[in-house]
Amino acid sequence: MSRARVARRIATAAAYGGGGLGLLGGAAAGLVLTEVRYTRWRVGKGTEEDPPVAEGIYGTAFAAAPGPPWRLAMLGDSTAVGLGVRRAGQTPGALLASGLAAVSERPVELHSVALSGAESSDLERQVSLLLTEPGRAPVPDVCVIIIGANDITGRVPPARSVKYLAEAVARLRTAGCQVVVGTCPDLGSVEPIGQPLRWIARRLCRQLAAAQTIAVVELGGRTVSLGALLGPEFAANPRELFGPDRYHPSAEGYATAAMALLPTVCDAVAAWPAEERAEARRRERLLPVAAAAARAASESGTEVSAADSGGRRAPWALMRRRRRRPLPEEERHHDEGRHEEGQQDREMTPM
């Protein structure tokens, strides 16, 4: 069965409450689960420290710009949090906030409700925290979600995983947020994982990433494929792009992912330069949603979004390969009270 058909079946099962499709069964599933547990035990060492809290205002050089700061929110798991780096400015949220500020010449207020170790089921709590917690800022302009790796290692049925993600995206879209999802990373590139888990993990991750794309795009969100990006590039440069635990990205690895996400985040709020939007249009392809999702799962940094037809969302998607930009130098201002409060309130657990 083609990856597009498998992804469509998972997305359909998610929409109608199905339990999910599995690639493995019986003894094979037991072998994979045993090796996953062993791998998680091995790579769990070296992640005892909580990631730095990156919430705050970025792009203070543009404080005089008209209008309020952009509001950017991060949701998801340890990759969204930035587990494995020591400085707040090295986290993906900070990198994206700095990049959006530099491109739009407008400050960016960053909020994060992501939780290290989270599976897709935790997105309900994260969205509620973001949208309903007293004292929170107004609804974000754009939300970035990175999720899926813990669903794979936790053996969450893919249809259930996609269902949780779709519900979160639907709530955010209804609230008026633009949504960009970095799809499930490729765990097959993680050094400590051996065969047969490496091959199985890559196949499962791409299957989940494709199904995530279908669900997100059909709800009006956008996706950027991180699996293929973090696969070949990380496999070719493991010492540079993986952190000390050889499982989570290093600062350079997070920067690689942020460079892939930044153009889509900027374009979601109409801040991407017009000339670069025109270039992206010249490189875009129109495909059925499932076909676009399957291709994107194995093509690094590919953006997928819905194709509009007469004001209505058609069953077609646009695939774009955007030019990556170097990320700007870190420039941010933290409200000290919020920073300390965030340090106390956050409950982080290793992935």
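Excluded from the calculations below are hydrogen atoms, water molecules and symmetry mates; all remaining heavy atoms, backbone and side chain alike, are included. Bear in mind the structure is a predicted one, so any value in this text is a computation, not a measurement.
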S.K.: For Arg320 and Thr302, what are the C-alpha separation, side-chain angles and deciding distance, and is it a side-chain hydrogen bond (donor to acceptor under 3.5 Å, both in side chains)?
M.R.: CA-CA 6 Å; Arg320 297 185 179 95; Thr302 303; over 6 Å; no

S.K.: Can you list everything that forms a side-chain contact (heavy atoms from CB on, under 4.5 Å) with Ala168? Sequence neighbours excluded, please.
M.R.: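 side-chain contact (heavy atoms from CB on, under 4.5 Å) list for Ala168, sorted by chain: Leu123, Val127.
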
S.K.: Going by side-chain contact (heavy atoms from CB on, under 4.5 Å), name the residues that satisfy it together with Ala292, two or more places apart in sequence or in a different chain.
M.R.: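 Only Leu287, Val304, Ala317, Met319 meet the side-chain contact (heavy atoms from CB on, under 4.5 Å) criterion with Ala292.
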
S.K.: Hey, does Ile57 have a side-chain heavy atom less than 4.5 Å from the side chain of Thr60?
M.R.: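 Thr60 reaches Ile57 side chain to side chain.
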
S.K.: Applying side-chain hydrogen bond (donor to acceptor under 3.5 Å, both in side chains), name anything that partners Ser104, two or more places apart in sequence or on another chain.
M.R.: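 Only Trp70 meet the side-chain hydrogen bond (donor to acceptor under 3.5 Å, both in side chains) criterion with Ser104.
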
S.K.: Taking atom SG of Cys177 and atom CG of Leu131, what is their separation to the nearest 0.5 Å?
M.R.: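 Answer rounded to 0.5 Å: 6.0 Å.
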
S.K.: Is there side-chain contact between Pro52 and Val85, with at least one heavy-atom pair below 4.5 Å?
M.R.: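 Yes, at least one pair of side-chain atoms sits under 4.5 Å.
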
S.K.: How would you list, by chain and number, every residue that makes a side-chain contact (heavy atoms from CB on, under 4.5 Å) with Thr174, sequence neighbours excluded?
M.R.: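 side-chain contact (heavy atoms from CB on, under 4.5 Å) list for Thr174, sorted by chain: empty.
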
S.K.: Can you measure from CD (Glu124) to CG (Leu165) and round to the nearest 0.5 angstrom?
M.R.: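 Reported to 0.5 Å precision, the distance equals 13.0 Å.
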
S.K.: CZ/Arg173 to CZ/Arg171 distance, rounded to the nearest 0.5 angstrom?
M.R.: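 Reported value, rounded in 0.5 Å steps: 15.0 Å.
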
S.K.: May I ask you to test the Arg321-Glu303 pair for a side-chain heavy-atom distance under 4.5 Å?
M.R.: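 Counting from C-beta outward, Arg321 and Glu303 never come under 4.5 Å.
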
S.K.: For residues 207-217, pull every pair meeting salt bridge (Lys or Arg N to Asp or Glu O under 4.0 Å), keeping only residues two or more places apart or in separate chains.
M.R.: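 Passing the test, one end in residues 207-217: no pairs.
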
S.K.: According to the salt bridge (Lys or Arg N to Asp or Glu O under 4.0 Å) rule, which pairs have a member within residues 259-272, sequence neighbours left out?
M.R.: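 Checked against salt bridge (Lys or Arg N to Asp or Glu O under 4.0 Å) - neighbours excluded - the pairs reaching residues 259-272 are Arg222-Asp267, Asp267-Arg322.
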
S.K.: Going through the distances and angles, do Ser161 and Leu208 end up as a side-chain contact (heavy atoms from CB on, under 4.5 Å)?
M.R.: CA-CA 8 Å; Ser161 175; Leu208 178 57; 3.8 Å; yes

S.K.: Where is the tightest heavy-atom contact between Ala307 and Leu318, given as atom of each residue plus distance?
M.R.: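 Heavy atoms of Ala307 and Leu318 come nearest at CB-CG, 4.1 Å.
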
S.K.: Report the residues that fulfil salt bridge (charged side-chain N to carboxylate O under 4.0 Å, His left out) with Asp151, sequence neighbours left out, ordered by chain and then residue number.
M.R.: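 Testing Asp151 for salt bridge (charged side-chain N to carboxylate O under 4.0 Å, His left out), a comparison that skips the adjacent residues, returns none.
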
S.K.: Measure the spacing between CG of Leu100 and OH of Tyr58 and express it to the nearest 0.5 Å.
M.R.: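 With rounding to 0.5 Å, CG (Leu100) is 12.5 Å from OH (Tyr58).
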
S.K.: Grab the two heavy atoms, one from Ala101 and one from Val108, that are nearest each other, plus how far apart they are.
M.R.: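 Heavy-atom minimum between the residues: N-CG2, 3.6 Å.
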
S.K.: Output the distance between atom CG (Leu226) and atom SG (Cys184), rounded to the nearest 0.5 Å.
M.R.: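 Nearest 0.5 Å value for the CG-SG distance: 9.0 Å.
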
S.K.: Test: salt bridge (Lys or Arg N to Asp or Glu O under 4.0 Å). Region: residues 89-99. Which pairs qualify, not counting sequence neighbours?
M.R.: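 As it turns out, there is no salt bridge (Lys or Arg N to Asp or Glu O under 4.0 Å) pair with a partner in residues 89-99 once direct neighbours are skipped.
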
S.K.: Report yes if the side chains of Thr79 and Tyr254 come closer than 4.5 Å at any heavy-atom pair, otherwise no.
M.R.: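 Side-chain contact under 4.5 Å: yes.
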
S.K.: Could I get the full list of salt bridge (charged side-chain N to carboxylate O under 4.0 Å, His left out) partners for Arg125, not counting sequence neighbours?
M.R.: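 Counting only residues at least two positions away or on another chain, Arg125 forms a salt bridge (charged side-chain N to carboxylate O under 4.0 Å, His left out) with Asp122.
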
S.K.: Which heavy-atom pair separates Val224 from Ala260 by the least distance, and what is that distance?
M.R.: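 Taking Val224 first and Ala260 second, the nearest heavy atoms are CG1-O, 3.8 Å.
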
S.K.: Just to verify, what does Thr223 make a side-chain hydrogen bond (donor to acceptor under 3.5 Å, both in side chains) with, not counting sequence neighbours?
M.R.: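 So Thr223 forms a side-chain hydrogen bond (donor to acceptor under 3.5 Å, both in side chains) with Thr213.
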
S.K.: Listed by chain and number, what are the side-chain hydrogen bond (donor to acceptor under 3.5 Å, both in side chains) partners of Gln178, not counting sequence neighbours?
M.R.: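 For Gln178, no residue satisfies side-chain hydrogen bond (donor to acceptor under 3.5 Å, both in side chains) once neighbours in sequence are set aside.
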
S.K.: Hey, could you give me the OG1/CD1 distance between Thr183 and Ile146, rounded to the nearest 0.5 Å?
M.R.: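 Reported value, rounded in 0.5 Å steps: 9.5 Å.
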
S.K.: If the condition is side-chain contact (heavy atoms from CB on, under 4.5 Å), which residues does Pro68 pass it with, not counting sequence neighbours?
M.R.: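 Counting only residues at least two positions away or on another chain, Pro68 forms a side-chain contact (heavy atoms from CB on, under 4.5 Å) with Arg106.
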
